[in-house]
Amino acid sequence: MFKEFNDLFQQNVNLTVKTMQNIWLDTMRSDQFMNGIKMLHLYAFDQKEESDKMMEDVLEKTRVASKDDINDLVDAQRLVIDLLEDITERIEKLEQAKK
């Protein structure tokens, strides 16, 4: 009895798979399905462009310094400090020469 039930079940599964496979392939080959996929692709692409633009706008408004920006700022600060020290030394030399 178990073997007969198993055979019946396997026949049912095979018939269902065969039927569903034909329906699925017919659906995937249909013009409506292909047009739907094209529209989905277009909407997804438009949405990605809008999302990218929005992210660029947010990042532009909330600019965060990168590591290179910080390094450039530190280098510029060191240059200003060196120039101030040089100017201070020159002023001291001028004051000593004036005395």
Side-chain angles (χ1 to χ4, degrees):
M1 172 138 176
F2 181 71
K3 182 180 178 345
E4 291 150 354
F5 179 74
N6 188 26
D7 290 343
L8 180 63
F9 180 77
Q10 290 299 326
Q11 281 180 333
N12 232 356
V13 167
N14 290 335
L15 182 63
T16 303
V17 166
K18 186 176 179 181
T19 304
M20 293 304 293
Q21 186 175 16
N22 289 335
I23 292 171
W24 181 245
L25 290 175
D26 289 344
T27 301
M28 289 179 62
R29 292 179 185 142
S30 70
D31 289 337
Q32 294 87 358
F33 181 79
M34 293 306 291
N35 288 336
I37 292 297
K38 286 178 187 175
M39 294 301 289
L40 182 64
H41 178 264
L42 289 175
Y43 287 136
F45 186 76
D46 289 344
Q47 185 62 35
K48 183 183 180 311
E49 284 184 343
E50 287 180 27
S51 175
D52 288 348
K53 185 179 181 319
M54 184 183 72
M55 185 57 79
E56 287 175 6
D57 291 344
V58 167
L59 290 176
E60 185 65 32
K61 288 181 175 64
T62 58
R63 174 102 166 91
V64 177
S66 68
K67 188 174 182 177
D68 291 335
D69 292 339
I70 299 298
N71 289 337
D72 291 344
L73 185 62
V74 169
D75 290 343
Q77 188 177 18
R78 285 184 188 141
L79 179 64
V80 169
I81 290 171
D82 290 344
L83 289 173
L84 286 173
E85 288 175 353
D86 186 46
I87 290 171
T88 303
E89 288 176 8
R90 288 183 184 189
I91 290 173
E92 288 174 356
K93 286 181 184 178
L94 285 174
E95 287 176 344
Q96 287 177 358
K98 188 177 179 183
K99 291 182 184 179

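The analysis underlying the following values was restricted to heavy atoms, covering all of them including side chains, and did not include hydrogens, waters or symmetry mates.
Separating the CG atom in Asp75 from the CG atom in Asp68 is a distance of 10.5 Å, to the nearest 0.5 Å. Rounded to the nearest 0.5 Å, atoms CZ (Phe5) and CD (Gln10) are 10.5 Å apart. Between the CD1 atom of Ile81 and the CG atom of Asp86 there is a distance of 13.5 Å, given to the nearest 0.5 Å. To the nearest 0.5 Å, atom CD of residue Glu92 and atom CD of residue Gln96 are 7.0 Å apart. To the nearest 0.5 Å, atom NZ of residue Lys53 and atom CD of residue Glu56 are 8.0 Å apart. Atom CG of residue Asn35 and atom CG of residue Leu40 lie 12.5 Å apart, to the nearest 0.5 angstrom.
With hydrogens and angles ignored, the 3.5 Å screen pairs no side-chain donor or acceptor of Asn6 with any backbone N or O of Phe2. With Thr16 contributing its side chain and Asn12 its backbone, the two residues share a donor-acceptor pair below 3.5 Å.
Residue Gln77 places its CD atom among 12 or fewer non-hydrogen atoms of other residues, nucleotides or ligands, all under 6.0 Å distant. Within 6.0 Å of atom CD in Glu49, more than 12 heavy atoms from other residues, nucleotides or ligands are found, so the atom counts as buried in its surroundings.
A salt bridge (Lys or Arg N to Asp or Glu O under 4.0 Å) check over residues 31-45, counting only residues at least two apart or in different chains, returns nothing.
No salt bridge links Asp82 with Arg78; every basic N to acidic carboxylate O contact stays at or beyond 4.0 Å.
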Intermediate values then yes/no, salt bridge (charged side-chain N to carboxylate O under 4.0 Å, His left out), Lys61 and Asp57: CA-CA 6 Å; Lys61 288 181 175 64; Asp57 291 344; 5.2 Å; no

Decide yes or no on side-chain contact (heavy atoms from CB on, under 4.5 Å) for Gln11 and Leu15, but give the supporting numbers first. CA-CA 6 Å; Gln11 281 180 333; Leu15 182 63; over 6 Å; no

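Residues satisfying the side-chain hydrogen bond (donor to acceptor under 3.5 Å, both in side chains) test with Asp69, not counting sequence neighbours, are Arg63, Ser66. The salt bridge (charged side-chain N to carboxylate O under 4.0 Å, His left out) check on Lys98 picks up nothing, with sequence neighbours excluded.
Scanning both residues, Met28 and Met34, for their nearest heavy atoms gives O-SD, 3.6 Å.
In this structure, Ile37 is not a member of the same hydrophobic cluster as Phe45, with clusters built from ILVMFWY side-chain heavy atoms closer than 4.5 Å.
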